[in-house]
There are 2 protein chains.
Amino acid sequence: MARIKDVAAQAGVSVATVSRVLNDNPAVTEETRQRVYAAMAALNYVPNAVARSLRTEATRTLGLIIGDILNPFFTELARAVEDEARAAGYTVVIGNADERADRQDHYVRALLEQRVDGLLVCPTAEVTPLVEEVVRGGRPLVFLDRVLPGLDVPSVRADGTEAIRELAGHLRDLGHRRVAFISGPGTLSTGRERTTAFLAAADEAGLAVPPEYVRVGDFRTGSGQALTAALLDLPEPPEVIFLGDNLMALGALDEIRERGLRIPDDIGIVSFDDVPWFGHISPPITAISQPTAELGRRAVRVLLDMLAGRRAESVVLPAHLIVRSSCGESGEGGECVARGATGEAAERGQAGTGGRERRGRRTAALAGEEGKVTA
Amino acid sequence: MARIKDVAAQAGVSVATVSRVLNDNPAVTEETRQRVYAAMAALNYVPNAVARSLRTEATRTLGLIIGDILNPFFTELARAVEDEARAAGYTVVIGNADERADRQDHYVRALLEQRVDGLLVCPTAEVTPLVEEVVRGGRPLVFLDRVLPGLDVPSVRADGTEAIRELAGHLRDLGHRRVAFISGPGTLSTGRERTTAFLAAADEAGLAVPPEYVRVGDFRTGSGQALTAALLDLPEPPEVIFLGDNLMALGALDEIRERGLRIPDDIGIVSFDDVPWFGHISPPITAISQPTAELGRRAVRVLLDMLAGRRAESVVLPAHLIVRSSCGESGEGGECVARGATGEAAERGQAGTGGRERRGRRTAALAGEEGKVTA
DNA sequence: GTCCTCCATGTAATCGATTTCACGAGGGTA
DNA sequence: TACCCTCGTGAAATCGATTACATGGAGGAC
């Protein structure tokens with residue numbers, strides 16, 4: 001493979017001049033520049049980023065560690081991160097932690113060895129020694145989606161509190177009184193928050209939530225199915241089950257289908273986390289949608305701020321209730337689509353889902369102040 | 001950040017010795033080794049992979065360029081590639097071409113600059129000059145899922161011919177006579193192959209396929225919906241629509257739901273590409289499943305073969321028909337599950353889908369000879 | 001004509017590892 | 001005692017770029 005030295009020889013200049021051409025240094029005459037370009041083309045020269053990085057101490061690469069690459073939420077997040085980073089001239093290396101602390105650490109270490117310029121991490125439950133060391137070492141780091149307690153690290157995440165409150169009101173307005181919640185692990189910040197928010201919202205809306213209506217899952221399909229089964233087997237089963245994430249909702253659908261129950265007539269379903277196909281099936285699933293792509297983009301910007309030595313501020317964006325038909329909503333009518341085709345669905349590059357989605361009042365109103373900044 | 005020189009000073013040895021410890025060179029006494037380890041721990045030393053790569057001319061990194069990161073097929077592929085590569089001590093850098101030739105080239109170039117040891121590419125339609133140059137330059141390259149004509153590059157892909165033939169027989173046995181196909185772009189090898197296979201299989205099964213029953217989509221949701229609409233509007237609409245990939249199936253579901261039609265009573269649906277949720281909705285969608293994870297693993301092994309200087313052979317794996325209930329199949333009974341819980345579904349880390357899936361006879365028989373090797 | 005300035009270009013040090021070769025201590029053999 | 005091997009370790013070259021500093025020629029001011 002041709003090196004800068006070969007290009008220099010071919011063009012009859014020094015390596016310094018070739019380097020200047022590579023870096024768009026204006027102190028090169030147009031004529032020399034052209035000669036160098038010609039030499040590069042003739043030799044199929046591809047600059048060696050490894051050598052450049054060694055010298056410049058910068059790789060123009062960001063590391064992203066996600067929870068589970070098979071979860072569509074993280075996929076969408078990764079895509080947005082990649083888009084935003086590429087626009088800024090950065091490459092992204094993705095690590096899939098598979099929700100395991102040891103895998104997470106494996107990637108943190110590998111990415112540090114590769115000398116990525118900064119790290120975006122969706123942390124697993126634990127504060128591992130390696131992560132602590134990264135923080136202590138002052139390396140640019142941003143938490144995404146989830147946060148770890150006790151560490152002074154900027155974070156970018158969604159807050160579902162308001163959307164969950166709205167959901168509780170929505171269910172009450174539909175006449176439901178018995179609503180159950182299958183939450184995520186208490187070890188994840190997202191799991192804890194959603195549970196707290198649900199209990200408060202249910203209380204406020206006057207919904208009864210006996211202890212047996214709150215179950216703890218693990219954000220995976222199997223627990224969604226098993227816990228749904230347990231709820232359906234109760235002497236007084238709930239009218240609606242609220243699943244703490246999209247994978248557990250998958251499991252719930254499975255259990256409901258296997259029992260031959262109909263949605264929403266026999267049992268209502270809501271999912272935290274909206275995924276593309278929720279709007280395409282029959283009936284479409286009512287869900288709380290996180291501004292996933294925006295989270296990814298914001299996280300990159302926060303990290304780039306840190307890299308530029310600017311002050312990095314944590315970001316919290318509101319989640320939104322997307323009303324569809326899985327809780328007994330009437331098919332049509334009602335106040336329609338606040339941001340319709342320009343909203344999340346369009347962001348995902350899909351055709352609209354037929355205009356039947358409604359965003360509730362509260363969140364629609366909030367849309368204007370999306371992205372309030374916190375300390 | 002501590003360098004090898006600092007570790008050497010701290011341990012009272014030379015940099016050469018530290019390097020030997022890093023590389024598990026046996027010519028170091030146990031006592032020295034321990035001193036070096038202690039020094040590394042004291043300084044929080046993280047070896048600099050950039051410097052190492054410059055010297056060794058190897059990055060232990062593979063590049064993977066996928067068609068569309070929002071398509072679950074590619075997500076699963078990426079995951080499998082990553083798993084297999086990590087097991088072999090390699091890191092994977094993923095590039096999302098978004099089905100655009102310019103994006104593909106952007107990543108090919110970026111990955112070459114990063115000096116990845118090898119490339120796995122799911123090529124877009126065109127043979128770009130850059131790709132040609134990579135081939136001519138003899139850099140390790142493997143095509144995955146799709147192939148480009150006229151280039152002598154090993155490939156790893158699935159062949160749906162047999163599964164499509166089986167599907168045609170299955171539909172005929174269910175009493176269907178009018179089956180339509182929405183294919184992928186003729187510019188992609190996967191699009192062409194599926195169309196050819198469908199026409200041959202329909203003919204063999206005695207299904208009538210008038211020209212207006214074959215439509216050309218673009219592997220995206222919108223075209224699936226629009227072309228489904230066109231088929232449903234025909235004077236004599238088909239009884240079953242076979243979608244060429246999972247995203248177009250999403251669009252078809254959308255159109256069917258909007259029209260208030262029922263599956264399978266009003267219209268039957270089959271999808272090429274099985275995705276996790278097809279088995280979890282009502283009714284579960286009959287689909288042709290590719291051995292996605294195995295494709296990814298095989299591709300890595302072929303690439304590693306090339307890196308090791310071994311002869312690299314292309315691999316073709318058969319796709320399988322997964323019979324569910326979206327074409328009017330009777331709910332239960334029939335010969336059941338050939339590989340059930342140990343098959344693809346389990347591979348994806350999901351709970352089984354209730355044991356209602358059936359694999360047809362032909363593919364079940366083929367399972368034994370999966371992975372025949374071609375030149 | 002001399003001197004100074006400016007500017008395009010070249011020379012060489014540098015980044016942090018790996019690796020070749022040399023060296024010296026210790027032990028075995030003659 | 002002299003010689004040779006073995007073995008652990010160190011000194012220094014090297015990978016391919018960037019960049020501070022040096023250089024030399026053209027052109028303007030006096």
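No experiment lies behind these values; they were computed from the predicted model shown. So you know, we letter chains A, B, ... as the sequences are listed, proteins then strands, and number each from 1.
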Dump the intermediate steps for side-chain contact (heavy atoms from CB on, under 4.5 Å) on A/L62 and A/T91, then the final yes or no. CA-CA 6 Å; A/L62 304 180; A/T91 301; over 6 Å; no

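Not one side-chain nitrogen or oxygen of B/T29 sits closer than 4.0 Å to the OP1 or OP2 atom of D/dC7.
Residues A/D145 and A/R157 are not paired through a salt bridge, judged by the lack of any N-O separation under 4.0 Å between the basic side chain and the carboxylate. Looking at A/R33 and A/E31, no side-chain N of the basic residue comes within less than 4.0 Å of a carboxylate O on the acidic one, giving no salt bridge.
Counting any heavy atom pair closer than 4.0 Å across all strands shown, A/S53 reaches no nucleic acid atom.
Separating the CD atom of A/E30 from the P atom of C/dC7 is a distance of 17 Å, rounded to the nearest angstrom. Atom CG of A/N25 is separated from atom P of C/dA8 by 9 Å (rounded to the nearest Å). For the pair B/R35 CZ and D/dT9 C1', the interatomic distance rounds to 11 Å; values are reported in whole Å.
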Can you give one letter per nucleotide of nucleotides 11-19 of chain D, 5' to 3': B if a protein heavy atom sits under 4.0 Å from the base, S if only from the sugar-phosphate, - if neither? B-BBBBBBB

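Partner B/L64 forms a side-chain contact (heavy atoms from CB on, under 4.5 Å) with one of B/V300, B/V93, B/L144 and no other, that one being B/L144.
For residues 46-61 of chain A, every residue pair satisfying the side chain to side chain donor-acceptor pair (under 3.5 Å) rule, not counting sequence neighbours, is listed here: A/T59-A/D117.
Under the 3.5 Å distance criterion, with hydrogens and angles disregarded, no donor-acceptor pair is assigned to the side chains of B/E99 and B/T124.
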